*Asks:* 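One structure is given below, represented as structure tokens, and several questions about it will come after.
The sequence lines fix the lettering, A, B, ..., with proteins before strands; numbering per chain opens at 1. None of these values were measured; they are calculated from a predicted model.
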There are 2 protein chains.
Amino acid sequence: MIEIYQLEQLIAFADNGTLSEAAEKMHISQPTLTRTMKKLEEEFGVPLFSRTKNKMDLNENGLLALSHARKIMEQTSDMLRLVRALDRASHTISIGSCAPEPMVQLVQHCSKLYPEMAISSEMKDLDYLKQGLDDDIYQCIILPEKPYDNNYTVEEFGHENLYFALPKSHPKTNSQNLSFSDMNGENMIVFSAIGFWYEMTKNQMPDSRFLMQNERYDFTELINSSILPSFATDTTQISAPAPADRNLVPITDECAHVTYYIVCKKKDRSKFKNLLRSKMNT
Amino acid sequence: MIEIYQLEQLIAFADNGTLSEAAEKMHISQPTLTRTMKKLEEEFGVPLFSRTKNKMDLNENGLLALSHARKIMEQTSDMLRLVRALDRASHTISIGSCAPEPMVQLVQHCSKLYPEMAISSEMKDLDYLKQGLDDDIYQCIILPEKPYDNNYTVEEFGHENLYFALPKSHPKTNSQNLSFSDMNGENMIVFSAIGFWYEMTKNQMPDSRFLMQNERYDFTELINSSILPSFATDTTQISAPAPADRNLVPITDECAHVTYYIVCKKKDRSKFKNLLRSKMNT
DNA sequence: AGACCTTACGGCCGGCGTAACAATA
DNA sequence: TATTGTTACGCCGGCCGTAAGGTCT
């Protein structure tokens, strides 16, 4: 019976040109390779090498065998990779979200409800999320709007409202409320990882320059030390309250008030029954 | 390292449903299978089976692994088959011929010129022969006409002439010569394995009925005991002369006089140099 | 002399079978 | 009780490494 370790050694020989070098690369002895190659020839029943007294080369048979051996090795590693991936997928709930706060909260619910499962989560734009749900990249996604698709199960998860976080020194800091247009044109300090909020606010305030901060630490430092306005939401005030010297001014525009929906495929409805019932803390 | 014998046992288990049956089919013990399956799971690093106390089944991981395992086994046996076929082909000369006599003679020349090679030969129609030469099914073919193709090397091999073999009792037995049309309509005893001669004579004598004989022995018996006319050629008179009570009457039609050509690919010209020089005995 | 392949020899790992056990129908 | 899978134990084949030998550059 041909075995994979033999094909592996055949490939190593072909890749290194000599038995000696191949042996060194594989951390085995030359005689081992000599023996294995002989055994291979025996099992094929045909010569695979052309041998002069101190040189070995693959002959035509050997080259053909080699090409097959490579395919078999590839297929074997594919098998390992894919089976492991399938197993991993079956123990993992993948969540895609349009925004950070509902994602964090859903992950918390998820890990309480399914403590034996691994949970992976990421933020993407809405089209990618829907596509990902269809393609089984996500079992569960969070959208800021109700999708219309009969294959989906949809449940309301909670609300989030956007505010301007204005330093006390800002001229509009004592306003009862403001619209995006009131602030349009002003420079804003903005944290990068805010999902769909970025596109939305950027559209509403086209003349403003957003000073994007990739690092959470840098962002909070700037908020504390700068007089530039920034955004905040109500749901984040518990975990990450705005500094005392900033006032939160509600934004009147309708799109600043968002309802999140948990969406999963109908086939997974019973599996995620409890998760779909969970609600955001506000 | 995953090995092929493990995949083989996995497949046997899947095909037989239980370890016990699989073990019996493979002529090994059950504990061996238990161990190998455990080892497979260990090497995959994921469970492949769902186990109740006395029943084992493949789970999703196992089913995926199984499908890959089948592919790998198939590829492995393909490898063996194809490498062996290549080796065999490399020391076999395959000859295709349009007729028996030049085939026999060419095979004789061949085995003298290349005593270390195996020689295979068969008769086919002209189109099949040419196609087979192009496809490397044959290294060498014999045609009754000169082919026009620049990739071929062509050498004249010899001539063969067709005769009517008429019993002494036949009314035309003493003719100096005859045309096909002279005999058209008469029943003929014909040996099956005569290659292109069959199509040709059948066309020339559309009103005759050919009593086809598949067995050489039956044919000669009938020739000896029957008064029905038959065919013969000059080149076969040495090895298998017509019986004394039959006269050989030459056929006048041009197509009863054939020149054979040895044809091989130009790339093989030097390899078959001596074979191409050989001539038929007449 | 150095690089390469081959052969010979002895150790040991690991796959195998036998036997005994546990659980199910 | 018959069938199935698991565990324990000891055998032994075969794979491996070391050592030595032969050939070529």
*Asks:* Tabulated below should be each protein N or O lying under 3.5 Å from an N or O of nucleotides 21-25 of chain D; please produce it.
*Replies:*
| from | atom 1 | to | atom 2 | distance (Å) |
| --- | --- | --- | --- | --- |
| dT23(D) | O2 | Asn54(A) | ND2 | 3.4 |

*Asks:* In whole angstrom, give the distance that lies between atom CZ of Phe13(A) and atom P of dC4(C).
*Replies:* 11 Å
*Asks:* Using the side-chain contact (heavy atoms from CB on, under 4.5 Å) criterion, which residues pair with Lys273(A)? Sequence neighbours excluded.
*Replies:* Arg277(A)
*Asks:* Test of understanding: with ring pair (Phe, Tyr, Trp, His ring centres under 6.0 Å), list the residues that count as partners of Tyr152(A), not counting sequence neighbours.
*Replies:*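 Scan of Tyr152(A) (ring pair (Phe, Tyr, Trp, His ring centres under 6.0 Å), adjacent residues dropped) gives none.
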*Asks:* Extract all donor-acceptor atom pairs below 3.5 Å that involve side chains of residues 92-100 of chain B and protein atoms in other chains or at least two apart in sequence.
*Replies:*
| from | atom 1 | to | atom 2 | distance (Å) |
| --- | --- | --- | --- | --- |
| Thr92(B) | OG1 | Arg88(B) | O | 2.6 |
| Ser94(B) | OG | Ser120(B) | OG | 3.0 |
| Ser97(B) | OG | Ala99(B) | N | 3.1 |
| Ser97(B) | OG | Ala99(B) | O | 2.7 |

*Asks:* State plainly whether the residues Asp78(A) and Arg81(A) are in salt-bridge range, i.e. N to O under 4.0 Å.
*Replies:*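 Yes, Asp78(A) and Arg81(A) are salt-bridged.
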*Asks:* Taking only side-chain nitrogens and oxygens of Thr34(A), does any of them come within less than 4.0 Å of OP1 or OP2 of dT6(C)?
*Replies:*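 So the side-chain polar atoms of Thr34(A) do come within 4.0 Å of the phosphate oxygens OP1 or OP2 of dT6(C), strictly under.
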*Asks:* Salt bridge (Lys or Arg N to Asp or Glu O under 4.0 Å): which pairs involve residues 50-73 of chain A, sequence neighbours left out?
*Replies:* Asp15(A)-Arg70(A), Glu41(A)-Arg51(A)
*Asks:* For nucleotides 11-18 of chain C, which of its nitrogen or oxygen atoms have a protein nitrogen or oxygen under 3.5 Å away, and what is each distance?
*Replies:*
| from | atom 1 | to | atom 2 | distance (Å) |
| --- | --- | --- | --- | --- |
| dG15(C) | O5' | Tyr5(B) | OH | 3.1 |
| dG17(C) | OP2 | Ser29(B) | N | 3.0 |
| dG17(C) | OP2 | Ser29(B) | OG | 2.9 |
| dG17(C) | OP2 | Thr32(B) | OG1 | 2.5 |
| dG17(C) | N7 | Arg35(B) | NH2 | 3.1 |
| dG17(C) | O6 | Arg35(B) | NH2 | 3.2 |

*Asks:* Show the atom names and distances, to 0.1 Å, of all donor-acceptor pairs under 3.5 Å that link a side chain in residues 18-27 of chain A to residues at least two apart or in another chain.
*Replies:*
| from | atom 1 | to | atom 2 | distance (Å) |
| --- | --- | --- | --- | --- |
| Thr18(A) | OG1 | Glu21(A) | N | 3.1 |
| Ser20(A) | OG | Gln30(A) | NE2 | 3.2 |
| Lys25(A) | NZ | Asn16(A) | OD1 | 2.9 |

*Asks:* Taking ring pair (Phe, Tyr, Trp, His ring centres under 6.0 Å) as the test, write out the residues that go with Phe13(A), two or more places apart.
*Replies:*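 With neighbours one apart ignored, the set is Phe49(A).
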*Asks:* If you look only at distance, which donor and acceptor atoms sit under 3.5 Å apart when one is on a side chain in residues 260-272 of chain A and the other is two or more places apart or in another chain?
*Replies:*
| from | atom 1 | to | atom 2 | distance (Å) |
| --- | --- | --- | --- | --- |
| Tyr260(A) | OH | Glu160(A) | OE1 | 2.4 |
| Tyr260(A) | OH | Trp197(A) | NE1 | 3.4 |
| Lys265(A) | NZ | Asp134(A) | O | 3.0 |
| Lys265(A) | NZ | Asp136(A) | OD1 | 3.0 |
| Lys266(A) | NZ | Asn150(A) | O | 2.6 |

*Asks:* Atom CZ of Phe49(A) to atom P of dC4(C): distance rounded to whole Å?
*Replies:* 16 Å
*Asks:* Once you round it to whole Å, what is the distance between C1' of dG17(D) and CG of Leu19(A)?
*Replies:*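 That distance rounds to 16 Å.
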*Asks:* Could you state the CG-P distance from Leu33(B) to dT6(D), rounded to the nearest angstrom?
*Replies:*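 It works out to 10 Å between those atoms.
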*Asks:* Report the distance from atom CD of Glu42(A) to atom P of dC15(D), rounded to the nearest whole Å.
*Replies:*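 Spelled out: CD on Glu42(A) to P on dC15(D) is 10 Å.
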*Asks:* Rounded to the nearest Å, what distance is computed from the CD atom of residue Glu3(A) to the P atom of nucleotide dG14(D)?
*Replies:* 13 Å
*Asks:* If you apply the rule salt bridge (Lys or Arg N to Asp or Glu O under 4.0 Å), what do you find for Glu42(A) with Lys38(A), and how did you get there?
*Replies:* CA-CA 6 Å; Glu42(A) 202 174 289; Lys38(A) 274 198 186 306; over 6 Å; no
*Asks:* Return the value, rounded to whole Å, for the distance between atom CE of Met56(B) and atom P of dT24(C).
*Replies:*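 It works out to 16 Å between those atoms.
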*Asks:* Side-chain N or O of Lys38(A) less than 4.0 angstrom from OP1 or OP2 on dC5(C)?
*Replies:* no
*Asks:* Rounded to whole Å, please give me the gap between CG in Asn16(B) and C1' in dG5(D).
*Replies:* 16 Å
